[in-house]
2 protein chains.
Amino acid sequence: MPNTFETAAEKMIRQCGGRVTTGRVRILAVLLTEQQAITHREIEQRLLGKQSLDRVTLYRVLEWLTNKQLIHKVVSDDRVWRFHANHELHSHQHAHFKCNSCASVICLDKLPNERDWSLPVGYQFQEIELTVKGLCAKCV
Amino acid sequence: MPNTFETAAEKMIRQCGGRVTTGRVRILAVLLTEQQAITHREIEQRLLGKQSLDRVTLYRVLEWLTNKQLIHKVVSDDRVWRFHANHELHSHQHAHFKCNSCASVICLDKLPNERDWSLPVGYQFQEIELTVKGLCAKCV
DNA sequence: CTATTAATGCAACAATGTTGCAACTAGTAT
DNA sequence: ATACTAGTTGCAACATTGTTGCATTAATAG
Ligand SMILES: [Mn+2]
Ligand SMILES: [Mn+2]
Ligand SMILES: [Zn+2]
Ligand SMILES: [Zn+2]
């Protein structure tokens with residue numbers, strides 16, 4: 001049977017009006033299979049064995065997918081970006097959890113309300129970046 | 001008159017039981033003068049002219065001051081750490097604001113309540129990292 | 001099928017932070 | 001004051017992560 005994630009990935013890419021290249025399809029397919037947000041390195045590893053893909057291309061595809069809002073990027077204190085597919089649940093702004101032990105990152109649902117922080121006068125709110133940290137179920 | 005911030009810095013360092021070196025004093029003094037969280041590079045610039053200080057030493061002093069909780073470190077999407085002195089107001093956990101235009105970072109007071117996000121079963125909360133982004137008063 | 005334009009691979013680069021180790025120095029004991 | 005010692009520093013080399021320029025290749029339109 002053909003990889004059903006690759007089929008889905010191809011459809012998503014075509015729908016947003018982009019060129020359907022094997023790199024884009026394979027990378028988005030990898031992200032669609034993952035429950036967690038994963039790093040550039042982890043994506044590279046999951047692509048091993050198959051036809052090679054340059055790491056610069058991987059960076060550029062990830063940027064493209066992020067701009068097209070097919071995936072989103074999670075920043076972290078370890079200075080490594082993590083990426084996750086935008087399933088419906090996570091297409092809006094949301095918080096993330098990062099395990100202090102194994103560094104795994106998952107998406108959370110809620111986001112605190114604007115009344116929970118207050119900006120100085122004259123400051124304009126645009127977005128929020130929230131990472132809750134602690135221990136995941138495996139590391140607890 | 002002697003630099004009052006250096007006097008304060010020296011006292012803080014001595015109080016926490018660390019060796020009082022000129023590097024530590026000068027770096028903490030710089031951070032005490034700043035309203036905002038500033039980067040390693042920005043600290044370097046403010047130390048120019050005086051007796052030179054190796055950038056590795058700067059990294060190590062910043063780490064030491066952070067561990068001693070005399071300053072705190074702010075992570076950011078641009079992969080650059082910013083540091084800020086722990087004035088009383090900011091000695092507890094708190095959120096930060098980063099300007100999307102000029103990249104300036106300030107400390108906020110409030111932090112959302114734990115009921116504003118929910119972790120999966122088995123996950124253990126430890127800390128929170130919140131950055132609100134938007135435009136500062138100068139850039140608005 | 002061909003032309004056009006976007007995407008890719010490769011090499012070099014940039015930015016930020018880290019490690020190992022010898023030399024130095026602040027604090028302390030004599 | 002002098003010597004001792006552990007903590008601190010400077011330097012060089014390195015590591016990691018991401019970026020840029022440019023020639024080549026491939027996807028799509030006609
Ligand atoms: Mn997410
Ligand atoms: Mn702060
Ligand atoms: Zn974990
Ligand atoms: Zn600004």
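- The one candidate from Leu31(A), Ile13(A), Leu32(A) that meets the side-chain contact (heavy atoms from CB on, under 4.5 Å) condition with Leu70(A) is Ile13(A).
- One interatomic measurement links the two molecules: OH of Tyr59(B) to C1' of dG17(C), which rounds to 5 Å at whole-angstrom precision.
- The shortest distance between the side-chain N/O atoms of Thr21(A) and the OP1/OP2 oxygens of dT8(C) is below 4.0 Å.
- Using five terminal pairs a side, the axes of the helix from dC1(C)-dG30(D) to dT30(C)-dA1(D) at its two ends make an angle of 30°, given in steps of 10 degrees.
- Taking the side chain as every heavy atom from C-beta outward, Ile106(A) and Pro120(B) approach each other to under 4.5 Å.
- Protein atom CZ of Arg60(A) is 11 Å distant from nucleotide atom C1' of dA6(C), rounded to whole Å.
- Contact footprint of chain B on DNA chain D: nucleotides with an atom under 4.0 Å from a non-hydrogen protein atom, first to last in 5' to 3' order, dA6(D) to dG18(D).
- Closest contact between the side chain of Val56(B) and the listed nucleotides dT8(C), dT18(C), dG27(C) involves dT18(C).
- If you check every strand for non-hydrogen atoms under 4.0 Å, Arg24(B) touches sugar and phosphate atoms only.
- For Trp81(B), counting side-chain heavy atoms from C-beta on, the closest listed nucleotide (dC10(C), dG17(C), dA26(C)) is dG17(C).
- Annotation for Glu127(A): atom CD counts as buried by contact number, over 12 foreign heavy atoms lying within 6.0 Å.
- When the C1' atom of dA14(C) is taken as reference, atom CG of Asp78(B) falls 15 Å away, rounded to whole Å.
- Regarding Lys68(A), its NZ atom lies at a distance of 8 Å from the P atom of dA7(C), rounded to whole Å.
- Asp109(B) approaches His92(B) most closely through the heavy-atom pair O-CE1, 3.8 Å.
- For the residue pair Lys98(A)/Ser104(A), the side-chain donor-acceptor check at 3.5 Å is not satisfied.
- Looking only at atom types and distance, the side chain of His94(B) has a donor-acceptor partner in the side chain of His72(B) under 3.5 Å away.
- Computed from coordinates, the Gln51(A) CD to dT8(C) P distance equals 11 Å when rounded to whole Å.
- If you find the closest nucleotide of DNA chain C to Val20(B) and to Val80(B), the one lying nearer the 5' end belongs to Val80(B).
- The shortest distance between side-chain heavy atoms of Val61(B) and Leu53(B) does not fall below 4.5 Å.
- Looking at heavy atoms from C-beta onward, Glu34(B) lies in side-chain contact with Arg46(B) at the 4.5 angstrom threshold.
- Distance CG (Asp77(A)) to P (dT16(C)): 17 Å, rounded to an integer number of Å.
- The base of dG17(C) does not come close enough to the side chain of Arg79(A) for any donor and acceptor atom to sit less than 3.5 Å apart.
- Inter-residue side-chain proximity for Ser118(B) and Tyr123(B) is flagged as unmet; no heavy-atom pair is nearer than 4.5 Å.
- At whole-Å resolution of the value, CG in Asn67(A) and C1' in dA7(C) are 15 Å apart.
- Between Glu129(B) and Val75(B), the closest side-chain pair of non-hydrogen atoms falls below 4.5 Å.
- The Arg14(B) side chain lies nearest to dG27(C) when the options are dT16(C), dG27(C), dT8(C).
- Whole-Å rounding puts the Arg41(B) CZ to dA15(C) C1' distance at 7 Å.
- Comparing Arg55(B) and Arg19(B) against DNA chain D, the residue whose closest nucleotide sits nearer the 5' end is Arg19(B).
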